[in-house]
Amino acid sequence: MDTALLAPPMHAEQLAPDLRQLDSAETYVGCSQATNFRSPEPVRPGMPQQYSVGALALNQWGLSGPWTVNAESAVAGPAGSGIVHQFSARDLHLVMGAGARGRQVRIKVTLDGRAPGADYGADIDADGNGLVTDTRLYQLIRQSGSVRQRRIEVRFLDNGADVYAFTFG
């Protein structure tokens with residue numbers, strides 16, 4: 001019996017979440033629905049602003065470097081801008097795009113200040129290198145061992161990336 005139609009191959013972001021170990025919820029980055037934003041600088045909607053990130057508690061996040069925060073997304077400024085989130089879930093995804101059709105934005109992901117190693121997701125490598133092209137959900141982290149609270153940082157090595165939301169599984 002051909003079982004290919006009964007169990008079609010799935011992309012990493014389509015795999016069922018691990019609800020037993022899911023302590024983080026969807027987090028929007030745009031100022032119209034953002035929660036738990038903890039950069040000390042005030043958001044200036046639609047205006048470029050320099051941000052920083054310090055210590056974060058579970059489910060808090062912040063921006064570092066120059067960003068323009070809009071209603072639905074935040075746009076990374078020059079190379080080196082980053083976004084940081086303290087989370088607890090097996091999988092961490094980030095909905096983002098390259099800013100314009102045909103562009104590519106290189107990213108560097110760290111987990112607790114180091115390369116993700118065995119905990120890398122489908123859209124980066126073990127060293128944390130990835131490429132943002134289309135606007136879509138990118139799987140950045142899939143914890144390979146026991147799930148625990150972690151700090152992810154995504155650095156944008158090129159300008160202009162649009163970041164919309166974190167999701168977890």
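These numbers were taken from a predicted model, which means no experiment stands behind them.
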Looking only at heavy atoms, what is the nearest atom pair of [X] and [Y], with distance?
X: S32; Y: A71; value: OG-O, 2.8 Å
X: G82; Y: F156; value: CA-CD1, 4.4 Å
X: R106; Y: L131; value: CG-CD1, 3.9 Å
X: G62; Y: S39; value: CA-OG, 3.4 Å
X: T133; Y: Y138; value: N-OH, 2.9 Å

Can you confirm whether [X] sits close enough to [Y] that some side-chain heavy atom of one is under 4.5 Å from a side-chain heavy atom of the other?
X: P66; Y: S81; result: yes
X: V163; Y: L94; result: yes
X: E26; Y: F168; result: no
X: I107; Y: I124; result: yes
X: D127; Y: K108; result: yes
X: P45; Y: C31; result: yes
X: L58; Y: S24; result: yes

For the backbone of [Y] and the side chain of [X], can you confirm whether one donor and one acceptor N or O come within less than 3.5 Å of each other?
X: N70; Y: A74; result: no
X: D162; Y: M96; result: no
X: E72; Y: Y164; result: no
X: T167; Y: A165; result: no

State plainly whether one hydrophobic cluster holds both [X] and [Y], where clusters connect Ile, Leu, Val, Met, Phe, Trp and Tyr through side-chain heavy atoms under 4.5 angstrom apart.
X: V75; Y: V69; answer: no
X: I83; Y: F37; answer: yes
X: F87; Y: V53; answer: no
X: L111; Y: V109; answer: yes

Give, for atom [atom1] of [X] and atom [atom2] of [Y], the distance between the pair rounded to the nearest 0.5 Å.
X: H85; Y: W61; atom1: NE2; atom2: CH2; value: 8.5 Å
X: R136; Y: H93; atom1: CZ; atom2: NE2; value: 10.5 Å
X: N59; Y: R38; atom1: CG; atom2: CZ; value: 10.5 Å
X: Y28; Y: S73; atom1: OH; atom2: OG; value: 13.5 Å
X: D91; Y: L140; atom1: CG; atom2: CG; value: 10.5 Å
X: L92; Y: I152; atom1: CG; atom2: CD1; value: 4.5 Å

Under a 4.0 Å threshold between the charged nitrogen and the carboxylate oxygen, would R155 count as salt-bridged to E153?
yes
Can a donor-acceptor pair be found between the side chains of R44 and Q49 at a distance below 3.5 Å?
yes
Is a side-chain donor-acceptor pair under 3.5 Å present for Q149 with Q86?
yes
Check this for me: Y51, atom OH, are more than 12 non-hydrogen atoms of other residues, nucleotides or ligands nearer than 6.0 Å?
yes
Distance-only donor-acceptor hits, side chain of residues 97-105, under 3.5 Å, sequence neighbours excluded:
| from | atom 1 | to | atom 2 | distance (Å) |
| --- | --- | --- | --- | --- |
| R103 | NH1 | A98 | O | 2.6 |
| R103 | NH1 | N159 | O | 3.1 |
| R103 | NH2 | N159 | O | 2.8 |
| R103 | NH2 | N159 | OD1 | 3.4 |

Just do the side-chain contact (heavy atoms from CB on, under 4.5 Å) check on R150 and S88 with the steps written out, would you?
CA-CA 6 Å; R150 310 294 293 270; S88 182; over 6 Å; no
For D112 and R148: C-alpha separation, side-chain torsions, deciding distance, then whether side-chain contact (heavy atoms from CB on, under 4.5 Å) applies.
CA-CA 11 Å; D112 300 329; R148 64 185 194 278; 4.2 Å; yes
